[in-house]
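Structure first, commentary second.
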Amino acid sequence: MKKTVFYTEIGYFLGLFLLAWGTALTEWGGYGISMVVAPAYILHKALVTYLPWFSFGVAEYILQAFVLGMMLLVLRKFKFTYLLSFAAAVIYGILLDLGMKLFGNVFPAVPLEWQSTLAYIGGDMAVCAGVALIFRAYLPPEAYELFVKEIASKTGMKMYLFKIAYDCVSLLIAILMSFALFGSLQGIGIGTVCCAFINGMLIKLFSNL
């Protein structure tokens with residue numbers, strides 16, 4: 001039987017696209033965004049009034065630069081591919097802002113209940129599929145995914161289990177940031193909590209597929 005060839009370069013950029021636009025879709029739906037990107041979203045909401053250029057996408061690659069720095073401190077080594085990871089974060093940030101603008105112009109400002117449900121399910125599935133595609137490529141993933149991949153490898157922990165732990169820590173940080181900056185939850189909802197516990201398993205499922 002002839003094997004089907006799927007080029008990981010295509011999968012990589014498709015993964016970035018799914019990740020960015022899935023995030024934009026869940027943000028529009030209003031059930032709560034992924035806990036991984038929630039800290040950047042809260043930072044964006046807190047500063048955009050004073051810095052109009054500080055979009056969600058910009059906040060994302062600035063925070064990812066910080067995550068890369070933390071990873072370097074833990075690993076105590078540097079590779080050229082880590083710079084490529086930041087480049088991927090910038091591409092992702094641009095795609096995210098494009099998705100946010102498109103959905104903001106095309107979709108209603110306040111979605112109906114069924115629209116929010118579909119946006120959450122479709123957006124989160126796109127995010128998980130995107131992460132799985134990026135993990136399967138030889139090109140360096142974004143900082144969040146690279147952190148999970150490299151630290152899991154260093155500790156010998158199964159990657160999907162470490163991903164779940166990383167997601168839960170991100171959720172806790174986002175909640176603390178939200179109350180510290182706004183006194184209430186911003187961008188965090190029931191969807192965010194669900195993501196923290198199911199995304200690691202969904203990513204494993206998509207990766208196996």
Please determine whether the number of non-hydrogen atoms from other residues, nucleotides or ligands lying under 6.0 Å from atom [atom1] of [X] exceeds 12.
| X | atom1 | value |
| --- | --- | --- |
| K149 | NZ | yes |
| M70 | CE | no |
| F78 | CZ | yes |

Transitive ILVMFWY side-chain link [X] to [Y], under 4.5 Å:
| X | Y | answer |
| --- | --- | --- |
| I121 | L209 | yes |
| Y138 | V148 | yes |
| L47 | F179 | yes |
| L176 | Y166 | no |
| I173 | L181 | yes |

Measuring from atom [atom1] of [X] to atom [atom2] of [Y], what distance do you get when rounded to the nearest 0.5 angstrom?
| X | Y | atom1 | atom2 | value |
| --- | --- | --- | --- | --- |
| N208 | I203 | CG | CD1 | 12.0 Å |
| M125 | Y120 | CE | OH | 10.5 Å |
| L96 | I91 | CG | CD1 | 13.5 Å |
| S116 | E113 | OG | CD | 6.0 Å |
| L205 | N199 | CG | CG | 12.0 Å |
| L161 | T155 | CG | OG1 | 10.5 Å |

Side chain proximity check, [X] to [Y], heavy atoms < 4.5 angstrom:
| X | Y | result |
| --- | --- | --- |
| F135 | F206 | no |
| Y82 | K77 | yes |
| L102 | F107 | no |
| V131 | C128 | no |
| T26 | Y31 | no |
| S55 | V48 | no |
| E150 | K79 | yes |
| F56 | K45 | no |

Would you mind telling me which of V74, L73, V67, L75 makes a side-chain contact (heavy atoms from CB on, under 4.5 Å) with M71? L75
In a check of side-chain contact (heavy atoms from CB on, under 4.5 Å) between I134 and each of L19, L146, L139, which one passes?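 Single pass found, and it is L19.
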Indicate, with yes or no, if the rings of F103 and W28 have centres closer together than 6.0 Å. no
Non-neighbouring partners of [X] that pass side chain to side chain contact (heavy atoms under 4.5 Å, CB included), sequence neighbours left out:
| X | answer |
| --- | --- |
| S153 | none |
| L112 | W114, Q115 |
| T192 | M35, L171, I188 |
| V90 | Y61, F86, I94 |

Sidechain-backbone polar pair: Q186 side chain, S178 backbone, donor-acceptor under 3.5 Å: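 Checking the backbone N and O of S178 against the side chain of Q186, no donor-acceptor pair under 3.5 Å is found.
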For H44 and G57, indicate whether the former's side chain and the latter's backbone hold a donor-acceptor pair under 3.5 Å.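 A pair under 3.5 Å: no.
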Residue pair V127, T23: steps toward the side-chain contact (heavy atoms from CB on, under 4.5 Å) verdict: CA-CA 7 Å; V127 166; T23 299; 3.8 Å; yes
Under the side-chain hydrogen bond (donor to acceptor under 3.5 Å, both in side chains) test, which residues partner E60, sequence neighbours left out? Y92, Y144
Identify the two heavy atoms, one from [X] and one from [Y], that lie closest to each other, and give their separation to 0.1 Å.
| X | Y | value |
| --- | --- | --- |
| A20 | L95 | CB-CB, 3.6 Å |
| A126 | G22 | CB-CA, 4.0 Å |
| P111 | G29 | CG-O, 3.8 Å |
| P140 | A88 | O-CB, 4.3 Å |
| L68 | S85 | CD2-OG, 4.2 Å |
| A174 | I42 | O-CD1, 3.1 Å |

Restricting to pairs with a member in residues 164-188, which pass salt bridge (charged side-chain N to carboxylate O under 4.0 Å, His left out), not counting sequence neighbours? K163-D167
Do R136 and T8 have side-chain N/O donor and acceptor atoms under 3.5 Å apart? no
Evaluation steps, side-chain contact (heavy atoms from CB on, under 4.5 Å), between D124 and C195: CA-CA 8 Å; D124 192 51; C195 284; 3.2 Å; yes
